[in-house]
Amino acid sequence: MINSAFVQFTFVLLRSHQKYQKQLFLVHLINAFYCYSALFLFYVDWKIKYTYGLWPIPSKTFHTYIIWWFAQVILCFFFIYKKGIARSSGKDKKQYQWIFWATLIAYAGGATNWLVWYDINFPPYLNSGIAIYALVLAYAVFRHQLLGIEVIVKKTIVFTGLLAFFFGIFAFVTFFANEIMSRYIPTGRFTAAFISVFVMIIGYDPLRNLLISVTDKYLFQKKEDIKTILNRLSDSISKMLDIDKVGDTILSTLRETLRLESGAIILVEQDEKSYSVFNSFNIKSTSIKYDRENIFIRYLADHKAIINLEDERVKEGLPVDISSTLAELNAVICISLFLDQQLIGALTFGKKKSDEDFTQEEIDYFPTVAGQVAIALHNARTMDTLKKNQIEFAQQSKMAALGILSAGISHEVKNPLNSIKLAVETLMFNKKRGIYEKLTKAQYETEVNESIERILDNVERANGVITRLSQFAKKPKEMVVAPIQVEEMVESALSLLASEMRHGNIAIQRNYAPNLPMVMADFHAIEEVFVNLFTNARHAMKDHGTLTVTAFQRDAEVEVAVKDTGEGIPQENLEKIFDPFFTTKDTSRASEPGTIKGTGLGLHLARQILKRFGGNLTVESEVGQGTTFHIFLPIFKEAAHAA
Amino acid sequence: MPPKKVLIIEDEKDVNELFGKVFADYKDIQLLTASKGEEGIQIAEKEKPGVILLDLRMPDITGEEILRRLKPLLPGTKFLVMTGWEDGETKSRIEFGIGVDGYYSKPINLEEVMNKILECTEGSHDE
């Protein structure tokens, strides 16, 4: 019987059971015959052999059976070797090897049974080889997915559950019918049986579904369909714009769903000259960097396929340097990330925590994932660069504005310093000349107090200038969107240009509507917009004029109008002033006080910044009359409701 | 002997006031002050001071402009410039181009400037 099973198993394993169906049938028939005849044809008598008690004395039929037995076994092993091990590779080869050796041990053990029949004193204890066989195969089932172990476990649980249900129902119904119902109505066995069958029929399907879903949920929870997981992953990363977040999401999703021990994303650097570990977990060294010519990088660039170290054939064919690099990354799977035929990095996975191999289905799906990961990383990096550039850009334009302001600001600081110094020196100068000796004590004190106040006022003045300047020049980090008071912000911007305006003989008029609602924006960004507009107004008005700032609520927005009485902008330029690098100012180096250097970015950036907060910037102008800029900013909602 | 006239053209109130305190003790010098460029030119044309100390940056017209207009009118007047501008080009243009008798960067040294003013008033005559 065992042989029949082994022969059948061998042919099924080698996937040739259908081809040799008739031959197999014959083998089974012969085995069945021997099995049946074993009871009376195998032995002629019994006798005590050695220390093993009664043992049969073999008949001639038994001799033929032994030959037949060995023929089957040897043939099977031959087939497993020839058609299995020799012709396969990787995981399949491993499977055949495991089965071959485990079965050989089992059969070697089992064969010791026959020795005593022929009066050879060798104990049949190696039957325990069969137990080893069971252990080895059980291990292999787990380690190398030799068989669909999950299917077996699942079916066992469902089957056991259903069996318990049938017995339970039958017992309960019988008990119920006999002990309780029979007190009131006459019932027989048939009634009980009938009810049991009825309940079983009704309950079978729902119970079966319940058991399947419970086993799936609690025992195979992680076994979500790989496609579902990865689709969800690519869906969420494609919407992310923060590259660090993209990296984190990719690795944490894969880590949790595939239950990986380790993993890493290797990404090309911004300068495209080298590759480094961008994000990882549980890898030995996170500071690894590979240049373009590194053998590992070149290998990835040339071999677009996945490197799967669980595949023995792949592992053996891999250059040593590549293996050692992958070992450094604790990786068994390495998937290259390509974008437009360019290697942008790689995704590496360590082995699964469960020690299981990656399934073919998972491996087949990895290239799709790699494609989406590559796009998401690339997009996020582009956004990242853009964002950084924009901040850099804003800073540059601010510095240009600062260049324009700096002359005035230095003047603004030097003047208070001059007054402070003069106040002190006047006291010293007059004291040296004996002037204070002629004064009364009260007169002298008045004189000193006056100087002290003069000094303190000027210290405050200088300090104010420097504080405003440093606030303005501060490099922007991420924008902070918060409710802001429009008047406060406009005044802050005006204060930076107060000196410029005064020297330019420019009067400032303010018309703020009472109870202006707050707006949602970044204070410093919007302040910069206003500094820009005021600087432009100052420039447009040359040596005198009036700057009018009007602020009022218009629907869900606050509108601020900045009106100058300057030269105005010709109609043909009006459309272009928001284009980057459009400027009418002298872009050459500032060579004298009052010369304004333009970058042509101010208005472009100003409009961009406002749009970012849901606002806008428009202009109207008449040559010779002046220009009005209209700034729109959305009202802070909570404040609007409260009002 | 009539007092010698010194004119300060400077929009900083403190500077004018402090020089007022210093010159209060000089009985032979009459201090005139103007806080705007045009006002300074008017006073200079009328009073013809022997020394004019002026700031370069003024709300209405620049000190440079004042120099260009007054220098031809007042050949005997000494011109002293004080400024908060850190600008070498402006300095050389004024010192060597237009020509002034002193150029002082703010914050100025009172004693140094006073000595120069007094030196100038000694040698000059109001016109």
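Because only heavy atoms are used, hydrogens play no part in the values below, and waters and symmetry mates are left out as well, while side chains stay in. Reminder, nothing fancy here: chain letters follow the sequence lines and each chain counts from 1.
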**Item:** Best-contacting candidate, M114(B), K13(B), M82(B), K21(B), against chain A by heavy atom pairs under 4.5 angstrom
**Value:**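 So the answer, after comparing M114(B), K13(B), M82(B), K21(B), is K21(B).
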
**Prompt:** Salt bridge or not for K432(A) and E425(A), using N-O below 4.0 Å?
**Reply:**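 E425(A) and K432(A): not salt-bridged.
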
**SB check R69(B) E45(B) (cutoff 4.0 Å)** =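 Looking at R69(B) and E45(B), the cut-off is not met.
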
**Request:** Name the region of E111(B), side chain, backbone, both or neither, that has any atom closer than 4.5 Å to a heavy atom of chain A.
**Result:**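 Both backbone and side chain.
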
**Message:** Need one label for D11(B): side chain, backbone, both or neither, based on atoms under 4.5 Å from any heavy atom in chain A.
**Reply:**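 Interface part for D11(B): side chain.
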
Quick one: what part of [X] sits under 4.5 Å from any heavy atom of chain B, side chain, backbone, both or neither?
{"X": "L422(A)", "result": "both"}
{"X": "N415(A)", "result": "both"}
{"X": "N458(A)", "result": "side chain"}

**Prompt:** Under a 4.5 Å heavy-atom cutoff, which of M501(A), E447(A), R433(A), R502(A) has the most pairs with chain B?
**Reply:**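 Of M501(A), E447(A), R433(A), R502(A), R433(A) has the most heavy-atom pairs under 4.5 Å with chain B.
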
**Message:** Heavy-atom pairs under 4.5 Å with chain B: which of I506(A), L417(A), D457(A), I435(A) has the most?
**Reply:**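 Top option by heavy-atom pairs under 4.5 Å: I435(A).
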
**Prompt:** Under 3.5 Å, side chain of D101(B) to main-chain N/O of K78(B), donor-acceptor pair present?
**Reply:**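 Answer holds: no.
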
**K421(A) NZ: over 12 foreign heavy atoms closer than 6.0 Å** =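 Yes, because the 6.0 Å sphere around NZ of K421(A) holds more than 12 heavy atoms from other groups.
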
**Atom pair CD1 (I117(B)) and CD (E112(B)), whose distance is rounded to the nearest 0.5 Å** =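 If I round to the nearest 0.5 Å, the distance is 11.0 Å.
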
**Asked** Does F19(B) reach the side chain of T33(B), with side-chain heavy atoms less than 4.5 Å apart?
**Response**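 No, side chains not in contact.
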
